[in-house]
Amino acid sequence: MADEIEQRYDPATIEPKWQQKWAADPALYAAEPVDCGKPKYYVLEMLPYPSGQLHMGHVRNYSIGDALARHMWMRGYNVLHPMGWDAFGLPAENAALKNNTPPREWTLSNIAAMKRQMERLGLGYDWATEVTTCLPEYYRWNQWFFLRMYEKGLVYRKKSKVNWCPECATVLANEQVVNGCCWRHETTIVDQRDLEQWFFRITAYAQELLDGLDKLDEWPEKVRTMQRNWIGRSEGTEVDFFLAEEAEQGAGGRDQGSEKTRIRVFTTRVDTIYGATSVQLAPQHALVASLVATNPELKVKVAELLDQQKKAREAGDLGAIEKHGVFTGRVAINPYNGQPVPIWIANYILADYGTGAIMSVPGHDERDFEFATKYNLPIVQVIQPVDSAVKVELPFCSEEGTLINSGEFTALSCEDAQLLMQSVAERSGFGEPKVTFRLKDWGVSRQRYWGTPIPMIYCDKDGIVPVPDDQLPVILPPQIEITQQGGSPLSRVPEFMHTTCPKCGGPARRETDTMDTFVDSSWYFYRYTDAKNSTAPYDPAKAQYWFSIDQYIGGVEHAILHLIYSRFWTKVMRDLGLIVNDEPARRLFTQGMVIKDGAKMSKSKGNVVSPDDMIAKYGADATRMYALFAAPPDRDLDWQEDGVAGVSRFLARVWRLVMKHAPVARAAQGQSVTQNSEIGTALLRKLHQTIAKITLDFEGRWHFNTCVAAIMELVNDLQAADAQLAAGEVPAPVIHELLRTLVLLLAPFAPYLAAELWQELGEEDSILRAAWPVSDPELAKEDELEIPVQINGKLVQVVRVAADATPKAIEAAALAGERIVSRTAGKIVVKVIVVPGKLVNLVVK
RNA sequence: GCCCGGAUGGCGAAAUUGGCAGACGCAGCGGACUUAAAAUCCGCAGAUCGCAAGAUCGUGGGGGUUCAAGUCCCCCUCCGGGCACCA
């Protein structure tokens, strides 16, 4: 009876036991000093927001990372496997409103709860390097970086149109606006407000961020493409069209042309400029104000256009806006041919891209064609296909063509014309080649409480004054009343706001906005390398040892936001002399989503599966292993509880198998394998094939689902041989070798069970300190192969041949097969294809 | 509209370099053990026809290359994701 209970696999007793042991031994998962002599490996999973509950996406993410970390430990690497908390952010303020709990307490208790969940999962993190971004020890370095960037001209303040989420009651960065809505509130339309904001000059690195993508060849192509699109580099030309009245004096001194006398347009197709039949301004264009000043009728129409654009932007569907425009009554002069073209104002012209003005070439641009057709503007063809016999239908938008009707440029190719026309513009002073980016500077001011205070002071006498380093950190007041009032909460805390000017000592006030929380996550992984440093964000020597991150793992939803900001931050830190690498992560892996019943898990759909429930029912090992087994890590995973039960049954089988034969195995510990039986040889062969398969997968392919399947196959074979094992038909040292290695292979996927069985096999040190098994190709080799024999591509028979049989011998064996003989009787074998080790195909007529 | 994924049994999936399609698991069915059930163990299991031996069909659809195609090429459908008047 006692025996039976002991023989049952019960994760509820073994898992807590090991949790305690591991918690009492912080060195187990700790990174070793930089001079330990081992090769380093930095494996990182994206840090979570401490909502209070892990979800299955986290479980999957961390199961992948932990399996890799454990594998690398066993391969003898010095592994850094840290974890932290992206702990600033709006939910803490919302919770404060709802439950009257201060954000700090709410956040810290959530962290404690989630950390406990992580421990239950058995994740091997080095908690000595834990980073919590809402603590002053961390965010003071956000402030420090802000000041360094300010000194470098990478931080500036300007009033501008910004995205405002009414739900968050704060400004959002461009990257945080999804389809015109807030990234946190998918149904809340973002409006535009004029506000004074702090910006990071990420555009200064636009070209480098783009170029760097080519070198990140171990990042998913998908992420690189998304970033390329986001950066949106576009090569073209800026050209000045002159206002007609000013044209004459402009002819004498074009380079003197001011904003009032010229309209600068950006085009990628300057070669089509002889086909320009109007100039189109964005409704917000600087010139518009003076044009409408004397024309009330026009003013009304422009207001309408502006409103249409605003509505379309809010609806997130700028692409579908119906094009409207209004003629200003004024004309501009095309600088290349002196021809006048009408100036229009149109709702589809964006003020914040290029120069906010375009030349309209309806013959060679879809949008211009649509607009010109609607308003009866002339459509002129100036490009014809290289093969002039081809009949063209306008608009003809290809760049493979020849110029016509283009004065001195006629007969040039589009490409040649662009270059020549650019140099003409430059020489004459009415234009120049220009590279435009879609990427905008990163607006980081947030009118929220729970974030890093921006370390700036406003003094009536000295203006904007940075907080001196020795006054950092600017501490976020711990207890404030959170209300739903608009404006920055800190502006209602006089003791925070009122300060003295560092320069003149007079009364001054602090900046009351806080930083975007994406600042926190832009450099946290550097802090992990030196988390306790109180005099610098980190010791560059330590960071240099650990960086780049060897493997970064997270969800693809961060492809633009976090992953572009953190690339930017790394380049800034490099230019500050704090790091030598150009990119934070050498290799990036984006795991698929966890779904249930074909849909993303969400409270509203009621299909959320709680990790705690799974652990309580099946144990952490089964939960983790299922997360790896149910699908390859890069694909979406459909959570099926029956599948978890299946994995749990498998683990129980492993348990019984090892427990049953452990006494024999233990007794043979230390004895080398000198002789073996036929069945033992077959089992060792399977074992070494399994080692090879799993090791190879860890090296890159990462199809852990097939790794788990391979272990299951091995266990199936062992179980099929159970009677022989029990009867002593396999030498004890072989049994020891089989079970010991099985447990080693299991260790990255089911750490609790592996630890328990490892001990059961008489091992005393942690399994993480044991060497990962190496496959012996001699032992893995099959001595006989089954060769399928096809006739005309269809399988007819399988024949057995020696593994080293020559093609001739294989062919002979194939032709001798009885079914082959009867099928080929009376027919002609035209051709025999022998693929050694694979198959034989007979072409028969 | 453009770009990137994906589509394989009742379900999750496998097939790593063009070489036995469906490994492994779930659900299902049959059997053993049990008074019975659970658990466990053994076996069956793509579809159609057939008592069987076996035959035919089969990786979203259509065409092609090849001795051989889930895999390569061309065209199309559907699903997921990203971008979308960016001049």
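Chain naming here is simple, since letters A, B, ... match the order of the sequence lines and numbering starts at 1 in each.
Using a 4.0 Å heavy-atom distance criterion, A:Val835 is classed as a base contact. A:Ile349 comes within 4.0 angstrom of a base, heavy atoms only. Across all strands shown, A:Gln280 has no heavy atoms under 4.0 Å from either base or sugar-phosphate atoms. A:Gly646 comes within contact range of the sugar-phosphate backbone alone, with a heavy-atom separation under 4.0 Å but no base atom that close. Heavy atoms of A:Phe629 sit under 4.0 angstrom from at least one base atom. Residue contacts shown for A:Leu842 are absent, as no nucleic acid heavy atom lies under 4.0 Å away.
No donor-acceptor pair closer than 3.5 Å links the side chain of A:Asp634 to the backbone N or O of A:Gln591.
Comparing the same atom, P, in B:G25 and in B:C42 gives a spacing of 11 Å after rounding to whole Å. Spacing between B:U8 and B:C24 at atom C1', rounded to whole Å, works out to 15 Å. Between the P atoms of B:G63 and B:C4, the separation comes to 26 Å (whole Å). Atom name P, nucleotides B:G30 and B:A45: the rounded distance is 15 Å, in whole Å. Taking atom P on both B:G64 and B:U71, the two are 15 Å apart, rounded to the nearest angstrom. Distance check on atom P: B:A87 versus B:G80 gives 29 Å, rounded to whole Å. B:G70 and B:G19 have their C1' atoms separated by 13 Å, given to the nearest Å. Comparing B:G5 with B:C26, their P atoms are spaced 33 Å from each other, to the whole Å.
Between A:Trp655 and A:Tyr9, the ring-plane angle classifies as tilted under the 30° and 60° cut-offs. Taking the six-membered ring for Trp and thresholds of 30 and 60 degrees, A:Tyr375 and A:Phe371 have ring planes inclined between 30 and 60 degrees apart. Relative orientation of the A:Phe698 and A:His71 rings is parallel, given thresholds of 30° and 60° on the angle between their planes. Ring orientation note: the planes of A:Phe589 and A:Trp702 are tilted relative to one another, at an angle of 30° to 60°.
Taking atom CG of residue A:Leu839 and atom C1' of nucleotide B:A68, one finds them 8 Å apart after rounding to whole Å. Straight-line distance from the CD1 atom of A:Ile828 to the C1' atom of B:C67: 16 Å, rounded to whole Å. Nucleotide B:U40 holds its P atom 6 Å from the CZ atom of A:Arg649, rounded to whole Å. If you measure from atom CG of A:Asp636 to atom P of B:A13, you get 9 Å, rounded to the nearest angstrom. Following rounding to the nearest Å, A:Leu637 (CG) and B:G80 (C1') show an atom-to-atom distance of 16 Å. Put simply, CZ on A:Arg228 is 18 Å from C1' on B:A84, counting in whole angstrom units. Here the P atom of nucleotide B:A69 and the CD1 atom of A:Ile833 are 12 Å apart, to the nearest Å. When the P atom of B:G25 is taken as reference, atom CG of A:Leu714 falls 12 Å away, rounded to whole Å.
Between A:Thr706 and B:A23 there is no side-chain polar atom (N or O) within less than 4.0 angstrom of OP1 or OP2. Taking only side-chain nitrogens and oxygens, A:Arg823 comes nearer than 4.0 Å to OP1 or OP2 of B:A55. Proximity of A:Asn716 to the phosphate of B:G25: a side-chain N or O atom is located under 4.0 Å from OP1 or OP2. Here A:Arg653 reaches the OP1 or OP2 of B:C41: one of its side-chain N or O atoms lies under 4.0 Å away. For B:C57, the OP1/OP2 oxygens have a side-chain nitrogen or oxygen of A:Lys794 closer than 4.0 Å. Side-chain N/O atoms of A:Arg656 include one lying less than 4.0 angstrom from OP1 or OP2 on B:C41. Distances shorter than 4.0 Å separate none of the side-chain N or O atoms of A:Arg224 from OP1 or OP2 on B:C4. Distances shorter than 4.0 Å separate some side-chain N or O of A:Asn705 from OP1 or OP2 on B:A14.
Judged by distance alone, with hydrogens and angles left aside, A:Asn841 brings a side-chain donor or acceptor within reach of the base of B:C67, the pair sitting under 3.5 Å. Evaluation of atom-type donor-acceptor distances gives no pair under 3.5 Å for the side chain of A:Lys838 against the base of B:C20.
When distances run from any side-chain atom of A:Ala631 to the nucleotides B:C20, B:A87, B:A13, the shortest one goes to B:A13. Comparing B:G12, B:A87, B:A15 by their nearest atom to the side chain of A:Arg701 picks out B:A15. Comparing B:A21, B:G25, B:A13 by their closest approach to the side chain of A:Gln790 singles out B:A21. Nearest nucleotide to the side chain of A:Tyr348, out of B:C24, B:A27, B:C85: B:C85. Taking only side-chain atoms of A:Gln640, from C-beta outward, the nucleotide of B:G54, B:G12, B:A27 with the closest atom is B:G12. Comparing B:C67, B:A14, B:C4 by their nearest atom to the side chain of A:Lys222 picks out B:C4. Considering only side-chain atoms of A:Arg635, the nucleotide from B:A14, B:G82, B:A87 that sits closest is B:A14. Comparing B:C41, B:A87, B:A13 by their nearest atom to the side chain of A:Pro632 picks out B:A13.
There is no side-chain donor-acceptor pair under 3.5 Å between A:Gln308 and A:Glu322. In this model, no donor atom of one side chain and acceptor atom of the other lie less than 3.5 Å apart for A:Thr203 and A:Lys440. Between A:Asp722 and A:His661, the side chains place a donor N or O and an acceptor N or O closer than 3.5 Å (distance only, hydrogens not considered). For the 3.5 Å distance criterion, the side chains of A:Gln797 and A:Glu818 fail to qualify, holding no donor opposite an acceptor.
Of the residues near RNA chain B, A:Glu713 and A:Pro788, the one whose nearest nucleotide (by heavy atom distance) lies more toward the 5' end is A:Pro788. Heavy-atom distances to RNA chain B give each of A:Gly356 and A:His703 a nearest nucleotide, and the one nearer the 5′ end belongs to A:His703.
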Exercise. Taking it one step at a time, do A:Lys617 and A:Glu641 satisfy salt bridge (Lys or Arg N to Asp or Glu O under 4.0 Å)?
Worked result: CA-CA 10 Å; A:Lys617 223 165 152 181; A:Glu641 194 174 329; 2.7 Å; yes
Exercise. Dot-bracket for RNA chain B, 5' to 3', with Watson-Crick and G-U pairs under 3.5 Å, [ ] for crossing pairs and | for other-strand pairs: what is it?
Worked result: (((((((..(((......[....))).(((((.......))))).((((....))))..(((((..]....))))))))))))....
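Taking every heavy atom of both residues into account, A:Ala710 and A:Lys693 meet most closely at CB-CD, 3.7 Å.
In textbook terms, a nucleotide whose glycosidic angle is within 90° of 0 is syn, and B:G9 is one such case.
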